[in-house]
Amino acid sequence: MKAPAVTVILTSFNHGRFIGPAIDSVLSQSFGDFELIVHDDNSSDESWDIIQSYRDPRVHPVRNQENRRQKPINTVLRSGQVRGELIAIHHSDDLWLPTKLEQQVSALASRHELGAVFTQAEPIDEHGLPLASGDHNYSAVFEQNNQPRHAWLRQFLTKGNGLCHPSALIRRSTYERLGLYNESLFQLADFEMWIRLCARFDIHVVQEKLTRFRVLAAETNMSGDRPDARSRLALEWPLALKAFTEIQDVQLLQMAFPEVGALQDLTRDDVPLVFALAVLAVGTQPTARMFALSLLQSALADRSRHEDIRQRFGYDMHRLFRDTGDLDVLNDILLRERLNLVHAREETIHQRELEIIELKHRIDALEQHLDMVLGSRSWTLTKPLRDVTEWWAGRRSRRRG
């Protein structure tokens, strides 16, 4: 049996409201040479029944016997089920436009240097409508232009992730060279993968919003702005940034961060130091600066390297003493937490306002329907019968009294 060109991995967990449209958006693709592996992480709602209801031979349902909260994409990639040379990632609450796969497959076929192709993405609400708020975190984050991979690496450090995971189409050979997702990361696994990806491959972003990324109410997306998610982000950020220190091409790192200067005779062993200096020069994330300082501390703790680091990088214990005191990291984190709490309250208020507006619309519709009924011919003709019924009910009530 001929293998499909594309394997779509659709991850599912308790999205019974959305899983059907997500599957339909794959089955309606203009490019039809694919298999769709729907991996359900033991959903407790109706998701599994909906998944099993599909009779399209391209749909292959898989279900965990218990909820594992592990990386289901890794599970599928390890399972031996994947037959396509290209792998598309999809989520059970997101949607694809019909030409998404066609355009991405064409891009990969014509440009062999590409490791992956993404699309721009449009954020939608739970009803499938574009986000009403133009200042939401997701409003424009996925409106990315194409740029060299060293520019992507710089953007990842200075601005964070801008690539939409369910828009990705990745060569299977890319995964084979990079390895799978880091299963210790819950919030930043895809972001850490993109750092490794752009360190070794060019990527392309289709300049159309061919993916619709659903933003759930009350910030319940895995990446939503909630206290638990912010806590994981603070812990995971250094682990994700560690991927920078494993970059093989030190010249690529210098291109991404020219602020470190025209350093000479750099080797692969110098990458952690170059990256640490880059973070101090351009990084704005408090935990990133903490990570950079820890790298410098570890390097300078080796007395045999101290003089070499001072001469080649212009950094020594005096600079470290100053930087660890000047960078008020803890206050930065506390300020960020306060701002996040304010933002969360504003989002809650905005959501309540939307709910009130929707309730008013429903009341208006009911009032219009009631006016229509009261003004109808049948209501007028049955009025004598209603009068007799009311008189008889009143008479029986008086008798009982």
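Not measured: the values here are computed from a predicted model.
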**Q.** Over all atoms of both residues, closest heavy-atom pair of D125 and P130
**A.** OD2-O, 4.5 Å
Q: Check the side chains of N64 and N42 for a donor-acceptor pair under 3.5 angstrom, ignoring hydrogens and angles.
A: no
Q) Do the side-chain N and O atoms of Y175 and N74 include a donor-acceptor pair separated by under 3.5 angstrom? A) no
Q: Decide yes or no for Y315 and D323: does some side-chain heavy atom of the first lie under 4.5 Å from some side-chain heavy atom of the second?
A: yes
Q.
Restricting to non-hydrogen atoms, name the atom on C198 and the atom on L252 that form the minimum distance, rounded to 0.1 Å.
A. O-CD2, 4.1 Å
Q: Report the C-alpha distance between D202 and R111 in whole Å, list the side-chain angles of each, state the deciding distance to 0.1 Å, and finish with yes or no for salt bridge (Lys or Arg N to Asp or Glu O under 4.0 Å).
A: CA-CA 10 Å; D202 290 324; R111 296 182 57 187; 5.4 Å; no
Q: Provide the closest heavy-atom pair for H39 versus P72 in the form atom of the first, atom of the second, distance.
A: ND1-CB, 3.5 Å
Q | Intermediate values then yes/no, salt bridge (Lys or Arg N to Asp or Glu O under 4.0 Å), K209 and E143 | A | CA-CA 8 Å; K209 296 179 180 180; E143 295 180 5; 2.8 Å; yes
(Q) Any heavy-atom pair between the side chains of I203 and L163 that's under 4.5 Å? (A) yes
**Q.** Derivation and outcome, side-chain contact (heavy atoms from CB on, under 4.5 Å), residues T267 and V250
**A.** CA-CA 7 Å; T267 68; V250 68; over 6 Å; no
(Q) Treating D190 as the side-chain partner and H165 as the backbone partner, does any N or O pair qualify as donor plus acceptor under 3.5 Å? (A) no
**Q.** Heavy-atom donor-acceptor pair, R154 side chain to M255 backbone, under 3.5 Å
**A.** no
Q) Going by heavy atoms in the side chains, are E208 and Q103 under 4.5 Å from each other? A) yes
Q) Hey, are Q144 and Q120 close enough side-chain-wise for a donor-acceptor pair under 3.5 Å? A) no
Q: Verify the neighbour count for atom CD of E176: are there more than 12 heavy atoms of other residues, nucleotides or ligands below 6.0 Å?
A: yes
Q. What's the shortest heavy-atom distance between S167 and F118, and which atoms?
A. OG-CB, 3.6 Å
(Q) Quick one: does any side-chain atom of D316 pair with a main-chain N or O of R319 as donor and acceptor, under 3.5 Å? (A) yes
Q: Could you tell me whether a side-chain N or O of Q29 sits under 3.5 Å from a main-chain N or O of S25, the two making a donor and an acceptor?
A: yes
Q: Report yes if the side chains of S44 and N14 come closer than 4.5 Å at any heavy-atom pair, otherwise no.
A: yes
**Q.** Minimum-distance pair of heavy atoms, taken over all atoms of G160 and F191
**A.** C-CE1, 3.9 Å
Q: Mark yes or no for whether N146, through its side chain, and V205, through its backbone, hold a donor-acceptor pair below 3.5 Å.
A: yes
Q) Within the side chain of S12, is there an N or O that forms a donor-acceptor pair under 3.5 Å with the backbone of D40? A) no
**Q.** Under 3.5 Å donor-acceptor, R171 side chain and L86 backbone
**A.** no
Q.
Working to the nearest 0.5 angstrom, can you tell me the gap between H91 NE2 and C164 SG?
A. 8.0 Å
**Q.** R58 side chain vs G32 backbone, donor-acceptor pair below 3.5 Å
**A.** yes
Q: Give, for atom CG of L295 and atom NZ of K242, the distance between the pair rounded to the nearest 0.5 Å.
A: 9.5 Å
Q) Which residue, V26, V8, L27, forms the side chain to side chain contact (heavy atoms under 4.5 Å, CB included) with V59? A) L27
Q: Verify side-chain contact (heavy atoms from CB on, under 4.5 Å) between V215 and I124, making sure each step is shown before the conclusion.
A: CA-CA 6 Å; V215 179; I124 58 174; over 6 Å; no
**Q.** Heavy-atom closest contact (Q297 atom, L320 atom, distance)
**A.** CG-CD2, 3.6 Å
Q.
What verdict does the side-chain contact (heavy atoms from CB on, under 4.5 Å) test give for F213 and V141, after you've listed the backbone C-alpha separation in whole Å, the side-chain angles of each residue and the deciding distance to 0.1 Å?
A. CA-CA 11 Å; F213 180 86; V141 69; over 6 Å; no
Q) Can you check whether T11 reaches D41 side chain to side chain, under 4.5 Å on heavy atoms? A) no
Q. To the nearest 0.5 Å, what is the distance between OG1 (T174) and CZ (R196)?
A. 12.0 Å
Q) Do we see a donor-acceptor contact under 3.5 Å between the side chains of D45 and S47? A) yes
**Q.** side-chain contact (heavy atoms from CB on, under 4.5 Å) assessment of L178 paired with F201
**A.** CA-CA 10 Å; L178 297 180; F201 296 98; 4.1 Å; yes
Q | Close side-chain approach of K2 to D33, heavy-atom, < 4.5 Å | A | yes
Q | Flag, side chain of S28 to backbone of P98, donor-acceptor distance under 3.5 Å | A | no
Q. Quick one: are L101 and L210 in side-chain contact, heavy atoms under 4.5 Å?
A. no
Q | Nearest-0.5 Å distance that lies between atom CG in L277 and atom CD in E259 | A | 11.0 Å
Q | Test applied, ring pair (Phe, Tyr, Trp, His ring centres under 6.0 Å); reference residue, F244; option that passes from F156, W194, F275 | A | F275
Q. So do L216 and F18 actually touch side chain to side chain, heavy atoms under 4.5 Å?
A. yes
Q. To the nearest 0.5 Å, how far apart are CD1 in I89 and CE in M193?
A. 9.0 Å
Q | Value rounded to 0.5 Å, distance of CD1 in I19 from CD1 in I50 | A | 7.5 Å
Q: May I ask you to decide if L188's main-chain N or O and E236's side chain share a donor-acceptor pair within less than 3.5 Å?
A: yes
Q) Under the salt bridge (Lys or Arg N to Asp or Glu O under 4.0 Å) criterion, do E113 and R149 qualify, and how do the steps go? A) CA-CA 12 Å; E113 78 279 9; R149 56 197 180 102; over 6 Å; no
